[in-house]
Structure formats: C-alpha cells, structure tokens
Protein chains: 4
Amino acid sequence: MFNFAPEFFSMSYSEKQNQILLTAEKLFANKGYDGTSIRDIAEEAGINIAMISYYFGSKEKLMQALFEERTSHIKLRIESLLKNTELTPFQKIEVLINDHVQKAVERQQFYKVMLCEQLLNKNPEISKLLLELKKQNADYMAELIKEGQKKGEFKKNVDVVLTMNTMTGVIMQTLMNQEFYKYYNNTKTPSGKDFHESIKTNLTNHIKVLFKAILSYEA
Amino acid sequence: MFNFAPEFFSMSYSEKQNQILLTAEKLFANKGYDGTSIRDIAEEAGINIAMISYYFGSKEKLMQALFEERTSHIKLRIESLLKNTELTPFQKIEVLINDHVQKAVERQQFYKVMLCEQLLNKNPEISKLLLELKKQNADYMAELIKEGQKKGEFKKNVDVVLTMNTMTGVIMQTLMNQEFYKYYNNTKTPSGKDFHESIKTNLTNHIKVLFKAILSYEA
Amino acid sequence: MFNFAPEFFSMSYSEKQNQILLTAEKLFANKGYDGTSIRDIAEEAGINIAMISYYFGSKEKLMQALFEERTSHIKLRIESLLKNTELTPFQKIEVLINDHVQKAVERQQFYKVMLCEQLLNKNPEISKLLLELKKQNADYMAELIKEGQKKGEFKKNVDVVLTMNTMTGVIMQTLMNQEFYKYYNNTKTPSGKDFHESIKTNLTNHIKVLFKAILSYEA
Amino acid sequence: MFNFAPEFFSMSYSEKQNQILLTAEKLFANKGYDGTSIRDIAEEAGINIAMISYYFGSKEKLMQALFEERTSHIKLRIESLLKNTELTPFQKIEVLINDHVQKAVERQQFYKVMLCEQLLNKNPEISKLLLELKKQNADYMAELIKEGQKKGEFKKNVDVVLTMNTMTGVIMQTLMNQEFYKYYNNTKTPSGKDFHESIKTNLTNHIKVLFKAILSYEA
DNA sequence: CATGAATGAGCGTTCATTCAT
DNA sequence: CATGAATGAACGCTCATTCAT
C-alpha cells in the first residue's frame, strides 16, 4: 500500500533553496526574525543578497516557506496510531510523547523559531498555519483520550488543551533552559551528545508521569 | 511588622519614565524587541523620540531597565513560606503555584517579553539577570521539596529543574495559547474578564495535579 | 603716558566662563569645532550643558568669544618697536620673530583652532576678525620693511604677504609636526619641556636665516 | 622606456565612485570632515545617501579612500631625480620645489583636507599614511641634501625637517591666504586664472630664495 | 536563471538649543 | 542667576527590495 507522507507532495526546493532555508532557520532561531537581516542569511549561506527575494519573493515569504517546509515534518503521525488495536490507550499516549520529544530535540532550531512566532504572531499566514496545526494535534489528542475514556482507562473531564500545553510547555521550557539544566545538575549530567539523550529520556519519563496524573482516575 | 517588599528599594522612575516602560513592555510583547522601533514607543507613549535615549541611555538599556523593574516584582516571595510551620509541604507548593499563576496572568505582557528574551538571549546583561532569577527560584523550590522529603511526604529523586519547567512551561504555553484555548473550548468558557479568572482556576488546579504526581510516591 | 592695551578693554569673563573658554579651546584644537559637541565641553569643564548657550548665546558665539579673547593677546605688540630708534631694522625683525615664535609655542592650542578656522572660514564674524588681524600684522611688517629699505639695509620689492606667510607657515608647520620632528631627529632632540625650548631656538634661528635671505640684497 | 606612475597600480574606482571622491574632497575642504554630512555629499554628487556606505563602507573609510587615492599622486617623484647626473644639487632642489608648488596649486582642495587632518589627526589610519608620506619625503630631501653636501655645494648641519616645513609651510600658508594675498596686493596682481600662475611663480621663486639661504654656506 | 548596482525608508542616536522653574 | 527637562532636526548607517543586464 502506498502511503504518501504529506511532505511527499510538499513543494520541493533546490539545494540552494534548502541551504537558504536551513541558514534562515538557524539565524531566526538565534537572533529572531527581525534581528536577522537578509544580508546575514545571504552571507552565512554564501549566496547573493538578491537571491532570497528572487527565490522566495520576500523575507516574509521566506519565513512562511520555512514554516510550511518544517511543519510538514512536525505533524504528529497519529493516524496509524488511532487505528492500531494492539496498544493500550496509554501506550499510544506514550508513543505520542516519545514522538513529540524526539522531534523537538531533533528540530530545536525550528521549535525556537516557532515558539517565538507564536508569541508575537505577526504574520497572519503563519498564524493560520500554526492554528491549523494546533487544531489538528488537539483533535488527535482528543480522539486518543476519548478512546481511553471509552475503554474506561482515562477519567472523564480531561482538558485537552491544557493537556497539550503540558506536553508542549514542558518540552519547550526544557529545551530553552538546557544550559540552566546542565548548570544546575552539573555533576549529575553527561556532556556532549549524551546530554541530549539523557535529557530526552528524563523529559519523556517526566511527561509520562504527568500524563498518567492527568488521565488516570486517581492522581 | 514592617515588611519591606523588594520593590521598596528598587530604583524609582518618574511618571514619564514609567509610561515609557509600560509602552515599551506592551510593544516588545506584541512586536518583539527588534520589531519595535524607539519611534514606535515614542509615538505610542506620546513623547519625543529623543527622550528614550535621554532617560534610559539607549534602546538596549531601556530593555534592561524594563527587566530590572519588572523582575523585582516577579521574584517568588517564598522566604516567609519556608519559615511557615503551619502549612504542610504540599500546601506550600500550592501557595507557590497560586502565586506564580497569579503573577503570570497579571503580568502577561512582560512574561511574553521575558520568554522571547530567554529564547534568543542576545543581551548578556539580561541573560545574567534571568539566570540569577532562575537559580533563585530553583533553589527555593529545591528547599521546599527537601522539606517535603524530610517529612516523608515527597518522594526522593525529584528533578528540580524539570519540576520548575513543568510549572513555568504549562503556564507560558497556556498564556500564549489563550486564543486557541478560547476557540477550542468555545462553548464552555466564559468571555471577557471571567475568562481570565476561569483560566487561572483551571491552570492552577491542573498544575497542582501535575505537582502531586511529580512529588508524591505513587503517580 | 597711558597706554591701554587692546585687551584692557576686552570683555572680562567670570571664572566659569574662562573655564569654558579654556576647555573649548582645548577640545576645538584636538577635535575640531564640528567634532566637538557642547556636551563634550560641558562634561570636560564640569558644568551644565545649558550653561554654554546661557553664557555665550550659542556654540558659534562661544567660538567667536574664544577668538576675540585670544586674538587680543596675539596681536603683535609692535608700536613701540616701530618707534624704537636704538635697534637696527633687522634687529627689530628679529624681535618680531622671537615674539611670534614665543606666542605660537605658548598658545599652541589656540593656534591650531585658528589655523583650522582659517582653512574652512565658515564663520564670517571670525573671518572678519582674522582678516583684520592679518591686515594689521601685514601693515606692521610692511612698515618695518619700509624702514629697513629707507635705511638701505633691505632690498626693494619685498613681497610682504609672502614674507608673513614664511614666518607663519614655518611656525605652523613645525608646531603641527612636532611629533614627526621628534621622531625624525630622535637621537638629537631632548625630551619633555626641553624639547619645547630646543624647538623654539631652532625655529627662531631658522626663520632669522630665512628673513635675512628675504630682506637682504644678496641671498 | 616604461614608466609606471604610482597611480598606475592604485585601486581603480568606477566613475561614480570617483564622482563621490571628488565631491567629498570639495566639501571636506570647504566645510571640514565633521562639518560635512554624507547627505551633503550625496546631494552634491547627485547620488543616493546609501551609496556612500555601499561603495566605501562608511564615512570614515570614504575619507581614507580619498587619502589613499590622492596621496598616491602626491608622492614626490624623486627617484629619477636622485639618479640624474646632469643637474646640480640645487637644480634638483629647484625641480623639487617646482613640483611641490605645482601639485599644491593643482590640488588645493585635497591639500586643505590634508592640512586639516594633520591638525586634528583623529583617524589613526590616515595619520599612519601621512607619517609614511612625511617620512618618505624627508628621506628623499635628506638624500638630495647629502648629495649636495658631498659635492661641497651645501653647508653641513641642515635641519631636514625644518627645511621640509619651510617649503610646505609657506605653500600652505599662501594657498590658505590667497584671498588675502589678492586683497593686499590688489593693484599688482592679475585676476582669474592668471592669478594662479602668478602666485605659482612668486611662490616658487620665493621658496628658492629661502632654500638657497638654508643650504648655501653664507646666507 | 542569476546578480551587482542602486534605492527610499527607516533605524538608533546625538545634536544645539529652549524652556519652565 | 542657574539648571534639569525636553525638543525637532539631523546624524551615519542598514534595511528589504527592485532593476537592468
């Protein structure tokens, strides 16, 4: 059976365009959208200044292109999860958590850009896209929860948005504060690449504890 | 009994300076630091452009002044909490949560500015200030937790930073997504000022559930 | 007989005003008129910014005041020289040279300001003052020369302005290039205060040689 | 025989850049560096304000570019003079004087800028360049003088720097005071272009008289 | 398809000056 | 008599974008 992942159909960019997107992502993440000039991007990417407007139309549209490109990878791949009959509802939630943490750690740069954009939401196009994304994720989450409720494993009256916010919020906050995390636990944490793995494990387990409390009858 | 709140000693600004700070806070929150020009601030505040440099030295120092002014109000007033002998450890945690949610809702604008600054941390002076703040809050939290552990009410091996991140993350995420919260629960939520109250209650209760899971023996 | 020197009637300034003039002279000499802000002057002089406009009317008028104050001391005191019957014409010239070198070294700061102003002559008031000064000095010089010519000691057809320019030009150029002078003759020149004395002697003797060539029959 | 003039290798500017340099030279000469805004230059040159930073990087670098461009033409072309065996030492000095006067009159604007910069020397890059220039010219002059001394035509103990200062100083002073020169000798001087020629002749002859006095045994 | 040249607008800042006290 | 507060204008510079080639 053919399974066309969404990004399969997404507009495909040339290598140069991808290079621009990657550079833009990095700079937007570290200096913010307004703090990054197209000169910065062009210089860092080793391309002509005019290329960005040429390829993407404008700085704003470059940002949109970045969001379209990156969010297509971020969408929770949950359809198969919903259909799955072998996993218990909470096991599915766990898969979801694993997936989200994994992606957030993998794509930290873009997550920073996204978080910043959500804060300011100056670009209506992107706001729309993000709203759609949130809606979809919330719907998926709601369905998973409903399934657990039907099976009697999850309690009633679960606030879906607060539940989403819990997952997203802890992840974001932890990603943002990695340095502080390292600093505060300096003797207990590994360094380098192991740190990422360690933080991923801790974060995942922590969120699972939270979700158990949110979803199960007696927290 | 005399109780000198921290802001009692804080540098006091003239009415005009406070007006500038307030306007800057609002615009920084909605358009970001780099997206806000001093002309924007001056116009919105109804003052001359030159006044900002005149009063604060530079745009950057205005930002720092804003942080110094606002963070003095944000510090968790926890000393008395620590000394208190009537409340159980978890009741103290609850006070902490109430306090934090209360402040975050009250001072949403500045929280947005702060979150954004934490993401980009381009200003070393502010980063230092924020680090100090995080450290202090983490230390307070650690002490509260240790107390609970000594009394046998909290489990061992609590990750202080993840615990902090849970509270802060959920609050931030919820504040940032208020519109989505309203939209997603549109039939169930009140509007206007009641919404703020409702979200505060929900958020507080939600976080208490999470903290119970984090701190108590069986999650 | 009463002899009221010109500066006798000059406007007398308060101590504070003199302090401002002194500071302005120094800064104008080192950074130029346009490169010096009244803030610079006020800060360096330890007075309020508004004082300058208050005392002198404007930055421009401060400059004029400086010129009026300083040029009154610079005018060649030549009247008595002209009347003197004991000195030979060339001895009188020598007195003139001594006097001019002495003053230029003594008042280097102001000479720099004056040279700069002569170059740009943006201020008509000052230009007028300087023209008057030049005219007077040229007239004096012309008279001295005429006296020498009458006595048959100086040749005819002496170009007065070129003669003035020779004296002034060498002095200026040497003052301006003191550092280079020191650098180029590093082993042969004394340091510190002696350097000033040494340069004064060399300069005076040098100019006397030049004037002998200019004025005497066979060069 | 190939004769690569120094400017042959100098960085070549586009016509527009040369136009900017020319305009900047003129305005710097008449209003000073700090008294000239890049807006002034842009307006006078009929180009966009941004072009100056675009072409030269900054106002300061424009100034440096001007100095580099113009000083390459100013260097005394003396090598061939030194090797020449037909001219007497003093004839060589005369060539030098002619050359210098010629250039100063031709390039009055730049000479004013240079004189001003020497006075204030705020730009270290330019100061370095000027020092190099002065050093070179002094070295050349020293060599010429030494040659004359060896041949027994020039006296010993000639102060090279004072000698240089004499030439430069008189030229500068005369250029600066052209208007006064004209005014003082108003009946005797031609007007318009002839004035330049007349002043050049007078100046050259005058300096030759001075140099004869400086260099020959009995002044 | 790609790029150096060029632009108008706006940036944060500093200017000399004025004004209310 | 003296000064802190305040101002409009201008400063040098950088911005995102356009255009001719």
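Numbers restart at 1 for each chain; the letters A, B, ... are given by sequence-line order, proteins then strands. Computation of the quantities below employed the complete heavy-atom set of this structure, encompassing side-chain atoms and omitting hydrogens, waters and symmetry-equivalent molecules. In this text the structure is predicted, and so the values were computed from the model without any measurement.
In this structure, Gly57(B) and Ser53(C) both approach DNA chain E, and ranking their closest nucleotides by distance from the 5' end singles out Gly57(B). The nearest heavy atom of DNA chain F to Lys16(C) and to Thr36(D) marks one nucleotide each, and the one closer to the 5' end goes with Lys16(C). Comparing Ile52(D) and Ala50(C) by the nucleotide of DNA chain F whose heavy atom lies nearest to each, the residue mapping closer to the 5' end is Ala50(C). The 5' end of DNA chain E is approached more closely, in terms of each residue's nearest nucleotide, by Ile47(D) than by the other of Ser37(C) and Ile47(D).
Among the heavy atoms of the strands, none lies under 4.0 Å from Ser14(C). Across all strands shown, Ile49(B) has heavy atoms under 4.0 Å from base atoms, whether or not it also approaches the sugar-phosphate. Residue Tyr55(A) is classed as a sugar-phosphate contact, given heavy-atom separations below 4.0 Å to backbone atoms only.
In this structure, Glu43(C) places its CD atom 10 Å from P of dC15(E), rounding to the nearest Å. Summarising the geometry, the separation between CD on Glu60(C) and C1' on dC15(E) is reported as 15 Å, rounded to the nearest angstrom. Atom CD1 in Ile41(A) sits roughly 11 Å away from atom P in dC15(F) (whole-Å rounding). Rounded to whole angstrom, the span from the CG atom of Asp34(C) across to the P atom of dG12(F) amounts to 11 Å. As a whole-Å value, the separation of Leu27(B) CG from dC11(E) P is 12 Å.
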Under the side chain to side chain contact (heavy atoms under 4.5 Å, CB included) criterion, do Met114(C) and Arg70(C) qualify, and how do the steps go?
CA-CA 10 Å; Met114(C) 193 167 53; Arg70(C) 296 299 193 256; over 6 Å; no
Apply side chain to side chain contact (heavy atoms under 4.5 Å, CB included) to the pair Lys128(C) and Glu125(C), showing each step before the final yes or no.
CA-CA 5 Å; Lys128(C) 220 180 81 186; Glu125(C) 215 66 48; 4.1 Å; yes
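For the pair Asn48(A) and dA2(E), the criterion of a side-chain N or O lying under 4.0 Å from OP1 or OP2 is not met. Between Tyr54(A) and dT3(E), a side-chain N or O to OP1/OP2 separation shorter than 4.0 Å is absent.
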Dot-bracket notation for DNA chain E, counting Watson-Crick and G-U pairs under 3.5 Å, with | for partners on another strand:
.||||||||||||||||||||
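Looking at Glu117(C) and Asn123(C), their side chains never bring a donor and an acceptor atom within 3.5 Å of each other.
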